[in-house]
Q: 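Right, I'll just put the structure down here and ask away after.
A note on names: the letters A, B, ... follow the listed sequences, proteins ahead of strands, and every chain is numbered from 1.
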Number of protein chains: 2
Amino acid sequence: MKVLTEQKFSANSQEEMAKFAKALAHPTRLEILRLLSTQSCCFTGDLVEVLPIAQSTVSQHLKELKNAGLIQGEIDAPKIKYCINQENWRKAKLLFAAFFE
Amino acid sequence: MKVLTEQKFSANSQEEMAKFAKALAHPTRLEILRLLSTQSCCFTGDLVEVLPIAQSTVSQHLKELKNAGLIQGEIDAPKIKYCINQENWRKAKLLFAAFFE
DNA sequence: AAAACCAATCGTATATTTACGATTAACTAT
DNA sequence: ATAGTTAATCGTAAATATACGATTGGTTTT
């Protein structure tokens, strides 16, 4: 029973880590996260200005990062301010650190 | 010039990190890496026995991990022994640690 | 109310990923 | 030489990811 639980937990944390890794698996998304984590929150428009891709594509990447739980949006009408989701950021950090020992 | 170099370096390490993240973005590959990193090297056949997927699929995942540089194969005929590529493992560890601060 | 602005979503095309069974390649052992 | 073992590769199908322009939905400003 204990083993089963542990295996299940392990499988779950592996799923979760894979989900985070998937979100990190694109240079554009890494750049977005880097911008958000170093220069604090920013608006979608700021990102669109900086990144060499279409607005709709930036939105798509933001959606994926949001779905993975790494960022969160906050309405500041008519703009939307994105920030790192600190809780999951920490969770991801711990998962990766533990994985690499 | 300095800035350009730095940007290039930054872009490169982001590319490299994305490459590693992509390799980590699948539960099966995480499991393979976990097995290799905790119980040392093992043969493809050992992995095929443990994993609930076809041999050809395991081979495909191994190929991706090899291409990402996270593992390396060594012929021990007629088997092939896979191990963690320590140098790149360390590199990935550092990249992720630096990324999450 | 109308015009303007911002960002998400839609529709779409193309590329990549994931999985499988079947086959092939390389080597060992008989 | 032949048979057997091991793992990679091929061919293929289905799902997912990536990118774009166009459109839509909210909100604000005029």
Q: Can you tell me how far C1' of dT16(D) sits from CG of Asn67(A), to the nearest Å?
A: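 Taking atom C1' of dT16(D) as the reference, CG of Asn67(A) is at 14 Å.
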Q: Supply the atom-to-atom distance Glu74(B) CD to Gln72(B) CD, rounded to the nearest 0.5 angstrom.
A: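 Nearest 0.5 Å value for the CD-CD distance: 8.0 Å.
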Q: Over all strands shown, is Ile75(A) touching base, sugar-phosphate only, or nothing at heavy-atom distances under 4.0 angstrom?
A: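 Contact class for Ile75(A): none.
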Q: With sugar-phosphate meaning primed atoms plus P, OP1 and OP2, does Glu64(B) contact a base, only sugar-phosphate, or nothing at under 4.0 Å between heavy atoms?
A: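 Result for Glu64(B) = sugar-phosphate.
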Q: So what does Lys22(A) touch, heavy atoms closer than 4.0 Å: a base, only the sugar-phosphate, or nothing?
A: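 Sugar-phosphate, no base atom in range.
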Q: Reckon Thr44(A) touches a base, only the sugar-phosphate, or nothing at all at heavy-atom distances under 4.0 Å?
A: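 The residue Thr44(A) makes sugar-phosphate contact but no base contact.
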Q: When all nucleic acid strands are considered with a 4.0 Å heavy-atom cut-off, which category describes Ser59(B): base, sugar-phosphate, or nothing?
A: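 Result for Ser59(B) = base.
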Q: Counting just side-chain N and O atoms, does Thr57(A) come under 4.0 Å of either OP1 or OP2 of dC20(D)?
A: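 Checking dC20(D) against Thr57(A), a side-chain N or O does come within under 4.0 Å of OP1 or OP2.
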Q: What about the rings of Phe43(B) and Tyr82(B), do their centers lie closer together than 6.0 Å?
A: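 No.
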Q: Please report, rounded to the nearest Å, how far the C1' atom of dA8(D) is from the CG atom of Leu47(B).
A: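 Taking atom C1' of dA8(D) as the reference, CG of Leu47(B) is at 14 Å.
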Q: Picking from dT18(D), dC20(C), dA7(D), which would you name as closest to the side chain of Arg29(A)?
A: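 Per side-chain heavy atoms of Arg29(A), the pick is dT18(D).
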Q: Rounded to whole angstroms, how far apart are CG on Leu62(A) and C1' on dA7(C)?
A: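 One finds 9 Å between C1' of dA7(C) and CG of Leu62(A), rounded.
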Q: Could you tell me the separation between the CZ atom of Phe43(B) and the C1' atom of dT6(D), rounded to a whole number of Å?
A: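 Atom-to-atom, Phe43(B) to dT6(D), this comes out as 11 Å.
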Q: What's the closest nucleotide to the Lys63(A) side chain, out of dT28(C), dT9(C), dC20(C)?
A: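 Nearest nucleotide to the side chain: dT9(C).
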Q: Distance check needed: dT16(D) C1' versus His26(A) NE2, whole Å only.
A: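 Rounding to the nearest Å, NE2 of His26(A) and C1' of dT16(D) are 13 Å apart.
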Q: NZ of Lys19(A) versus P of dT16(D): gap in Å, rounded?
A: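 Spelled out: NZ on Lys19(A) to P on dT16(D) is 17 Å.
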Q: For the atom pair NE2 (His61(B)) and CD1 (Ile53(B)), what is the distance rounded to the nearest 0.5 Å?
A: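 Between atom NE2 of His61(B) and atom CD1 of Ile53(B) there are 4.5 Å.
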Q: Check this for me, if you would: do Lys22(A) and Glu64(A) make a salt bridge, where the nitrogen-to-carboxylate-oxygen distance has to be below 4.0 angstrom?
A: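 Salt bridge: no.
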Q: Can you measure Glu74(A) atom CD to dT27(D) atom P for me and round it to whole angstrom units?
A: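 Glu74(A) atom CD is separated from dT27(D) atom P by 15 Å.
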Q: So that I know where these two stand, are Trp89(B) and Phe99(A) an aromatic pair - ring centroids less than 6.0 Å apart?
A: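 Ring-ring flag for Trp89(B)/Phe99(A): true, centres closer than 6.0 Å.
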Q: Could you state the CD-C1' distance from Gln55(A) to dA7(C), rounded to the nearest angstrom?
A: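 Distance, rounded to whole Å: 5 Å.
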